[in-house]
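To start, the structure under review is shown below, and the notes come after it.
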Amino acid sequence: MKRKHVKLTALLLALLLSFTLLASCGLYTDDAPSAAPSESATESATPSASASASSEAASVEPTESGPALAAQWKEFSTPHEVKITWFEQGWTGMEKDLDIITPEIMKRTNLQMQYEPMTVPTGDDYNQKLNLMVASNEVPDIFFGGSDSYTRTIYEKLGLSGRLWDLTDILKDYKGLYNLVYPELNLYKTKEGKNYFIPTQTGRGNELLKEAPHGLFLRKDYLDKLGMAYPKTPADLAEYLRRSKAEMKTGEEASYGLVLGENLGGLEQLYQPFFPLLGSRDSYSLPFDLNNNYKILNYEYTDSPELLQAALYIHGLVKEGLIDKEALTIKQAQVQEKISSGRAAAATAPWWDMNTFSDNAKQTVPDLMYVAAPYIYQTPEIEKSRSLKWTNWVGCWSSLIVDKGVDEASLRHLLAVMDYLTTEEGQLLVQAGIEGVTFQWNAEGKYEFLQEFKDKTNDLDWNKSAAYGVFYYSQLVFNVPAITDKQATPPSLIREDNKLGWENRKSDRDLYQADMKPTKDYYFLPGEVESQKFPAIIDAKREFWAKVLSAKNEAEVEGFVKEWAKNCKSMGIEEIIAERQAYIDNFKMAE
């Protein structure tokens, strides 16, 4: 969900998300297409035998309450059973002995949804699974996956080969669902006008307004002890890291400084402050200038002054030892260990990971608190140029395909359930759970989670809540506006650290315009040239930054930047820019 929505070819997505702050969706991940909102960092939250066994639920039995909803959805009159295979990388799903939502869905709708995780350790493993679907011409009955261009390409190949249901027309029979995802259906149609997948976790959730932020996390306990405010500029950040390394200790151990993710995950937090525009989603790193007829700006794939300044800054941090010395080789397990030790002064991660890391670290440092920092900018002019109005993003974080071997009655039953989940009652079920079991109503008519459930889930940790089924199925249908007037404090903001980080991003939320007509760049999708050429450039980008981190001196950094510009040109960056420009110049927004 994380949000956060994915998320170009397989390698492009795998690497692009390593470098990209999901500034709209809330999805931040190291090296995989985003299809779920969370990445577990605790042993207790890893897939268990009971989780895998949840696919062995009891056979479907007709229910008494299901037909009550059949007056609106006739599909609920007859019980069916479907098996959904869920792509999972780090995040986890329901546990058979805890799951309360799957049985409740069965009770209300007569549809038994069997849960089968497809757990992969890396984005490459996910891509291999997709490739195997094409090579073997075998598809899971129902598959929940990413929404990146490579995933969409695989879906199109499977659809054209006759393996997938064409959902173009059948979705129109389910008005709630169809109206929710209509913009994405328009955006993601094939050239032939077909929709082979259902967009899920769409932009109608306004999650940026209500969820904890991702990105750069700093130790508020350190800031308080050092008498420092949150940094506003890269220089301020360097000073915070410098003083943390010099003055803060965990026991007798000095701070690691800034801990990055695997494959330099989160490094963008250090170079983005130097760029006047970023773009978002598929347009990220080659943004369209809305103030200049959508002309493309290129800071990252040429020897721009902005890139050189950013590279020299990062080189300086490394030279001073302010970035963890194992940044180039660190694996995710080591990231978890280092942040959980209580010795990291700063880290880059999604909020759900930081929640788990923080809880682990508090075993050693009880007063520890990681908080998402406000965005930092090199100059006030850059901050002003990036302060643009924004509205609901057109896109999706994940997707759902149905194998043609699934009979139409079962397909329609699934679509009817998703249609039901768009409603207030359906969203309450997947977002809050069951009244009296997970939540209660307060005097203002808002739902509040029961303390007992919060205790069981460590203040609504996403993975721990998903074990009960709460939040998990909202990945299929994410329609928070349906229950906005019923919400008290959003789940992720119950924690003090998350709430403080959310408050730090108020300036960004203030720019949100609910009724704003999306600008053309919201509808951008990469073309064939980009899909062919950009993966190699993105791969080379990681190598470029690795060279910067390893550079011996500033002269060497300058040489790497010039070499980088030449490499990008030889790899086709100018052709990619030309294709992007042609797309946006010729794009006509539908009325």
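Side chains included, hydrogens not; waters and symmetry mates left out as well; all remaining heavy atoms used.
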In terms of the angle between their ring planes, are [X] and [Y] parallel, tilted or perpendicular, with boundaries placed at 30° and 60°?
X      : Y      : result
Tyr126 : Phe87  : tilted
Tyr115 : Trp86  : tilted
His214 : Trp352 : perpendicular

Indicate whether the side chain of [X] and that of [Y] have a donor and an acceptor atom separated by less than 3.5 Å.
X      : Y      : value
Asp148 : Thr151 : yes
Asn195 : Asp166 : no
Arg108 : Tyr420 : yes
Asn479 : Gln427 : no
Gln440 : Glu435 : no

Whether [Y] and [X] form a salt bridge (side-chain N of Lys/Arg under 4.0 Å from carboxylate O of Asp/Glu) is what I want to check.
X      : Y      : result
Asp403 : Lys83  : no
Lys129 : Asp125 : no
Asp510 : Lys506 : yes
Arg412 : Asp173 : yes

Partners passing salt bridge (charged side-chain N to carboxylate O under 4.0 Å, His left out) against [X] (at least two apart in sequence or in another chain):
X      : value
Asp455 : none
Asp324 : Lys338
Glu337 : none

